[in-house]
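Quick caveat, the model's predicted, so the values are computed rather than measured. Below, chain A is the first sequence line, B the second, and so on; all start at residue 1.
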Amino acid sequence: ARNMAAARRHKRVAASQPGFLRLKPDLDHSASRIGHKKRVNKNKKKNWNKYSDIQDVEEFLEDVRLQERATGGLLSDKSDDGLFFVDVGEQKVRPDPGAVEKKGKGLKPLRIDLILQPDSQVPPPKDILAYQQPNARKLRLMAQKAEKLAAMGVLPRRERLLQRRRIPGSEKPVANNDPARAFYDLWRPDQGCDVFSDPPPRWQRPEKLNVKPSLLPAVEVAAPGASYNPDFTSHQALLLEAHETEVAKLKAEEKLARQLAVRKEDLATEESVFREQVEGLIEEEEEKLEAEEDDEGTAVGPTAQTEKKTEKQRKREKADRVKLQKKAERKAIDSRQQLFQLRTISAELRRREQQTSVRRTRRKDQQEREKVQPRRLGKLRFQAPDLDVQLSDELSGSLRTLKPEGSILKDRFKSLQKRNLIEPRERAKFKRKFKVKYVEKREFREIQ
Amino acid sequence: MGGLQKKKYESGSATNYISRNKARKKLSLSLADFRRLCILKGIYPHEPKHKKKVNKGSTAQRTFYLLKDIRFLMHEPIVGKFREYKIFVRKLRKAYGKAEWGTAEKLRGNKPGYKLDHIIKERYPTFIDALRDVDDALSMCFLFSTFPRTGKCHVQTIELCRRLSVEWMNYIITLRSLRKVFLSIKGIYYQAEVLGQIITWLVPYQFAHDHPTDVDYRVMATFTELYTTLLGFINFRLYQTLNLVYPPKVTHSQPAVMLHFDLLSEFGFYCSLLSLSKLSALSASLVRVVSTAEAEEAELDHFPAEGEDGEKLAERLKARQDQDRQEKLFEGLKFFLNREVPRESLAFVLRCFGAQVSWDKSLCIGSTYDVTDETITHHVVDRPSLEKQYINRYYVQPQWVYDCVNARMLLPVEDYFVGVTLPPHLSPFVEEKEGDYVPPEKLKLLALQKGERPEEEEDNDDSEEEEDEDQSDDEDELKGMEEKQASSVKVTPGEAKPVNRQRAEQEAKAEEKRLAVMMMKKRDKYLYDKIMFGKKRSVREANKMSAKRKALDEASKANKKKKLKK
């Protein structure tokens with residue numbers, strides 16, 4: 001009986017499976033089921049889950065989840081415009097002729113980009129493996145310890161070595177002409193400069209270098225005639241000076257021209273031309289004879305000369321002796337007579353002293369003048385700058401209409417040269433050097 | 001003979017000098033670097049007395065330096081920096097040639113540079129030494145600050161020069177020590193007195209000028225480099241002596257408005273152009289480190305120095321009083337500068353003497369009041385005519401300001417009105433000795449200074465020689481005496497003539513002198529005549545000049561009359 005009950009149960013269960021094909025199609029399934037409802041005890045916890053059918057709720061929730069995943073929220077919550085559009089056919093949009101096309105400002109994102117954007121409300125899942133660090137705690141503790149040490153001032157070994165490698169002068173140097181550079185009190189007694197503040201005694205600046213090379217003042221004020229509104233006399237004086245320099249220049253040029261000009265005596269006359277043409281053609285015999293005689297006179301034998309000379313020598317010696325004697329006598333007389341010539345002698349001495357003193361003063365004056373003059377320091381001589389002067393018609397009485405004359409740059413440059421600080425130089429000329437071409441001689445070319 | 005013979009050119013002056021090329025090779029520098037080094041260190045070429053000896057027999061013109069100077073140069077650390085720079089340039093060029101841009105950038109970031117502080121300290125061991133050389137430095141800095149910022153010269157140098165020149169002008173304004181100004185066709189010459197040193201410098205006009213081609217720019221740039229460093233240190237020290245804040249800050253009259261400008265200038269030195277331009281406006285006073293209320297009020301007691309009498313002390317006091325009076329020349333006056341006048345120069349000069357200055361707002365920042373302000377006393381104009389004129393102010397041309405400064409008093413304004421032909425601008429740097437020609441305008445000025453009324457033009461040609469006066473007086477006296485003798489024969493009770501003691505003394509002295517001259521020996525008299533002839537030469541020249549001037553004046557008067565008749 002029990003086996004039969006189990007078999008029956010088994011059949012019943014199989015028949016109630018969906019998709020079970022029956023021989024006789026049962027139109028009304030309820031006929032077999034009426035009265036055969038199994039009674040279940042839903043009060044037991046075991047049966048809460050087993051016999052409650054929540055399929056519809058589950059379906060509904062699945063549907064909601066699908067909507068959230070796929071379409072970005074419930075479709076019922078979306079507005080009509082987001083889902084549907086009224087198709088009224090194509091319309092040609094006429095551009096407004098008055099509106100200016102703005103590039104960039106009115107740039108809206110493309111519609112296709114908007115459509116293709118992911119609009120799901122379900123965020124992608126977080127990859128926790130990416131956030132996992134096996135020794136996070138260890139690293140955190142190490143960082144805290146390092147912070148504590150740094151707060152106390154102890155640096156890790158790596159930093160210490162790096163800092164020891166740093167060279168004090170190799171940090172970015174401040175340029176000398178930086179407009180925001182800082183200055184300090186250089187002449188304070190205990191102030192040390194950055195570099196080389198205390199050189200050893202044998203490297204110190206020699207005293208002679210502290211003497212200025214010229215006694216001229218650094219800035220020489222212009223003459224009163226160079227005022228922008230000068231008074232008559234000083235302006236005339238300045239014009240006169242400028243005039244004199246110009247006249248001197250002209251004179252020098254004229255002198256040169258005069259010296260180089262052809263003299264009237266050098267011009268060829270007919271007579272001189274004739275004489276030149278005839279020169280050497282007419283021989284004069286008298287001149288020849290004279291030349292021959294002179295030659296004969298000098299050719300004499302050696303023996304005859306020595307005899308003459310010995311006699312001459314004796315005579316000469318005697319004459320010399322006599323001369324010496326006479327000299328000594330004269331000297332004695334002179335030294336006795338000098339006593340009576342004292343006045344003239346003193347006058348002579350005074351004259352000589354005066355001469356030397358005059359020469360001394362002249363030399364001193366020359367030295368003083370040299371101190372003020374520009375010295376010759378190089379190949380070129382110092383060219384005095386042109387006087388800045390405005391002619392009477394160029395003078396404007398007002399500061400507004402003043403046209404400045406001369407350049408201060410040039411003035412300063414010349415002043416530096418005048419004070420012997422730099423040597424006068426001229427601009428280096430651009431010399432064109434041509435490459436030498438080597439060409440074979442015609443003879444060499446022919447030999448092949 | 002034989003043995004130790006002295007060879008030529010092995011000792012003496014031939015070994016003390018070294019030619020420029022040899023020196024350059026000894027230091028292993030290029031010519032440009034060698035020149036720059038010499039300029040920076042202050043080593044100048046020397047001209048030897050016996051060039052042939054030094055040049056070992058040849059007479060070629062060479063540049064010579066003292067060997068000791070070149071040996072001193074070898075210990076200079078800057079030489080190493082020059083060589084580093086040369087290597088840097090070579091590496092950079094290689095990097096560019098190989099197109100290694102990364103290397104080039106790295107190299108550029110580590111460009112080697114040098115500082116000149118130690119050179120300044122070595123060349124000018126004390127502050128006064130440095131002050132003596134500041135004329136040149138100032139002129140260079142002012143010149144470079146007017147250059148156009150095209151890039152031909154480093155723009156940084158130009159800006160640094162501008163900053164230093166503005167700082168200097170502000171210092172002079174605070175010190176109130178400007179003494180003389182001269183407007184020449186080249187530029188403006190200023191003379192001021194700083195810590196007992198008289199400093200003259202030249203400032204170019206602000207108009208554009210074309211640069212001459214025959215000036216070596218590199219040399220001038222090197223000098224400027226040295227001088228900017230020098231001037232910077234001098235400025236710092238000078239500001240310290242006056243207890244001013246360095247780098248200078250400007251006090252604000254309206255704190256509410258200027259607050260955000262103040263904040264900007266807190267960060268760093270001149271990070272904002274604004275603070276520099278406010279300084280360059282020259283219209284506001286500088287901030288001090290210590291409050292000035294007590295410092296200014298305390299007047300120093302005057303103690304006589306050793307060896308001075310009471311007279312000298314009185315003289316010194318008087319000189320100081322004059323100076324104080326001169327410093328307050330324009331005190332209390334309010335000036336307004338029109339657009340066409342040189343604003344910076346006039347603002348500088350006016351503020352140096354205590355005036356208040358302002359200008360149109362659109363010209364430059366820092367204008368304190370507008371043209372419509374009623375309390376303006378003087379309005380500086382340079383136009384031929386001006387339409388709108390306010391009643392209670394004088395309209396003057398800019399020369400009035402400069403002439404007042406030179407004359408050390410306020411000149412009458414009538415000669416300098418708008419549209420009036422200006423009197424000539426005389427140079428204050430000319431000191432006329434006795435007997436020199438004094439132009440009539442200067443005579444007028446001297447008379448004004450003495451307080452007399454200006455005389456008419458005909459009487460101005462009197463020379464002020466004592467001897468001439470004496471002689472003419474004596475002649476008149478003699479004539480008068482003769483006349484008296486001739487006319488009055490009667491005997492009348494005598495009148496007590498008031499004896500002018502001074503006159504009597506002078507007469508006695510003149511008598512003595514004449515007697516002494518008569519008593520001289522012939523030889524000595526000859527010499528004396530020669531000397532007097534030489535002395536009177538200048539007087540004769542002066543008379544000639546005045547005669548010329550008279551002729552010119554009469555001619556111009558005649559012309560004027562003719563024109564008037566027409």
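Residue A:Glu207 qualifies as open at atom CD: its count of foreign heavy atoms under 6.0 Å is 12 or below. Heavy atoms of other residues, nucleotides or ligands lying less than 6.0 angstrom from CG of A:Asp185 number more than 12. Environment of CZ in B:Arg218: sparse, with no more than 12 heavy atoms of neighbouring residues, nucleotides or ligands closer than 6.0 Å. More than 12 heavy atoms of other residues, nucleotides or ligands sit less than 6.0 Å from atom CD of A:Gln163. By the neighbour-count criterion of 12 heavy atoms within 6.0 Å, atom CD of A:Glu348 is densely surrounded, having more than that number from other residues, nucleotides or ligands.
To the nearest 0.5 angstrom, A:Leu399 atom CG is 9.0 Å from B:His425 atom NE2. Atoms OG and CD1, from A:Ser396 and B:Ile185 in turn, are 10.0 Å apart once rounded to the nearest 0.5 Å. Expressed to the nearest 0.5 Å, how far CD1 of B:Ile39 lies from CG of A:Leu416 amounts to 8.0 Å. In this structure, A:Arg412 CZ and B:Met140 CE are separated by 7.0 Å, a value rounded to the nearest 0.5 Å. Rounding to the nearest 0.5 Å places NZ of A:Lys379 at 11.0 Å from CZ of B:Arg62. Rounded to the nearest 0.5 Å, atoms CZ (A:Arg400) and CD (B:Gln397) are 9.5 Å apart.
The choice from A:Val219, A:Leu209, A:Ile408 that makes the most heavy-atom pairs within less than 4.5 Å of chain B is A:Ile408. Between chain B and the residues A:Arg375, A:Arg427, A:Arg376, A:His235, the most heavy-atom pairs under 4.5 angstrom are made by A:Arg376. Each of A:Leu395, A:Thr233, A:Asn210 has some count of heavy-atom pairs under 4.5 Å with chain B, and the biggest count is that of A:Thr233. Ranked by heavy-atom pairs under 4.5 Å with chain B, the first of A:Gly378, A:Ala226, A:Pro213 is A:Ala226. Counting heavy-atom pairs closer than 4.5 Å to chain A, the top residue among B:Arg162, B:Gln191, B:Glu340, B:Arg35 is B:Arg35. Interface summary for chain A: among B:Tyr189, B:Phe223, B:Tyr217, the most heavy-atom pairs under 4.5 angstrom belong to B:Tyr189. When each of A:Leu409, A:Leu402, A:Val389, A:Asp411 is scored by its heavy-atom pairs under 4.5 Å with chain B, the top score falls to A:Leu409. By number of non-hydrogen pairs under 4.5 angstrom with chain A, the leading residue of B:Thr224, B:Ile43, B:Asp135, B:Leu183 is B:Leu183. Of the listed residues B:Arg123, B:Lys548, B:Arg383, the one with more heavy-atom pairs under 4.5 angstrom with chain A than any other is B:Arg123. Of the residues considered (B:Pro45, B:Ser427, B:Gly232, B:Gly113), B:Gly232 shows the highest number of contacts with chain A, using heavy-atom pairs under 4.5 Å.
The nearest pair of heavy atoms linking B:Asp69 to A:Pro206 is OD1-CG, 4.4 Å. A pairwise comparison of heavy atoms in B:Glu159 and A:Pro179 identifies OE1-CG, 3.7 Å as the closest pair. Residue B:Phe182 comes nearest to A:Ala222 through the heavy atom pair CE2-O, 3.9 Å, listed as atom of the first residue, atom of the second, then distance. A pairwise comparison of heavy atoms in A:Phe413 and B:Asp216 identifies CZ-N, 3.7 Å as the closest pair. Nearest heavy atom pair, residue A:Leu377 against residue B:His46, reads CD2-C, 4.0 Å. Nearest heavy atom pair, residue A:Pro224 against residue B:Val430, reads CG-CG2, 3.3 Å.
For A:Arg381, no part lies near chain B; criterion is any non-hydrogen pair under 4.5 Å. When heavy atoms are compared at a cutoff of 4.5 Å, B:Leu426 approaches chain A solely by way of its side chain, counted from C-beta outward. Contacts between B:Pro398 and chain A at a heavy-atom distance below 4.5 Å involve the side chain alone, from C-beta outward. In this structure, the portion of B:Pro125 lying under 4.5 Å from any heavy atom of chain A is its backbone and not its side chain. For chain A, the nearby parts of B:Gln399 are the backbone and the side chain; heavy atoms of each come within less than 4.5 Å. Using a 4.5 Å cut-off between heavy atoms, A:Lys212 contacts chain B through its side chain alone, with no backbone atom that close. Only the backbone of A:Glu220 comes within less than 4.5 Å of a heavy atom of chain B; no side-chain atom from C-beta onward does. Residue A:Ser227 touches chain B through both its backbone and its side chain, counting heavy-atom pairs closer than 4.5 Å. Both the backbone and the side chain of A:Pro404 come within contact range of chain B, each with at least one heavy atom under 4.5 Å from a heavy atom of that chain. With a 4.5 Å cut-off on non-hydrogen atoms, B:Phe127 touches chain A through its backbone and its side chain both. Contacts between A:Asp231 and chain B at a heavy-atom distance below 4.5 Å involve backbone atoms as well as side-chain atoms. Looking at A:Gln204, the atoms closer than 4.5 Å to chain B (heavy atoms on both sides) all sit in the backbone: N, CA, C or O. For B:Lys51, the part lying near chain A is the side chain, with the backbone staying farther off; criterion is any non-hydrogen pair under 4.5 Å. There is no contact between A:Glu426 and chain B, counting heavy-atom distances below 4.5 Å. Neither the backbone nor the side chain of B:Arg71 comes within contact range of chain A; no heavy atoms are under 4.5 Å apart. Heavy atoms of B:Val134 lying under 4.5 Å from chain A are absent altogether. In this structure, chain B has a heavy atom under 4.5 Å from the backbone of A:Ala223, while its side chain stays farther away. At a 4.5 Å heavy-atom cutoff, the contact between B:Val219 and chain A is made by side-chain atoms alone. Looking at B:Thr228, only its backbone comes within 4.5 Å of chain A, counting heavy atoms on both sides. Using a 4.5 Å cut-off between heavy atoms, B:Lys186 contacts chain A through both its backbone and its side chain. Only the side chain of B:Leu164 comes within contact range of chain A, with at least one heavy atom under 4.5 Å from a heavy atom of that chain. Only the side chain of B:Asp133 comes within contact range of chain A, with heavy atoms under 4.5 Å apart. With a 4.5 angstrom heavy-atom cutoff, B:Pro48 does not touch chain A via any of its atoms.
In this view, B:Tyr402 satisfies the ring pair (Phe, Tyr, Trp, His ring centres under 6.0 Å) rule with no residue, not counting sequence neighbours.
With A:Trp203 contributing its side chain and B:Glu76 its backbone, the two residues share no donor-acceptor pair below 3.5 Å.
Between the side chains of B:Glu225 and A:Asn177, no donor-acceptor pair of N or O atoms lies under 3.5 Å.
Of the charged side-chain nitrogens involved, none lies within less than 4.0 Å of a carboxylate oxygen, so that A:Asp178 and B:Arg163 do not count as a salt-bridged pair.
A perpendicular orientation is assigned to the rings of A:Phe183 and B:Phe233, their planes being inclined by more than 60° (bins at 30° and 60°).
Only one option out of A:Lys414, A:Lys410, A:Lys429 pairs with B:Asp214 in a salt bridge (charged side-chain N to carboxylate O under 4.0 Å, His left out); it is A:Lys410.
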Candidate pair A:Val221 and B:Lys180, rule side chain to side chain contact (heavy atoms under 4.5 Å, CB included), full reasoning: CA-CA 11 Å; A:Val221 188; B:Lys180 296 182 184 171; over 6 Å; no
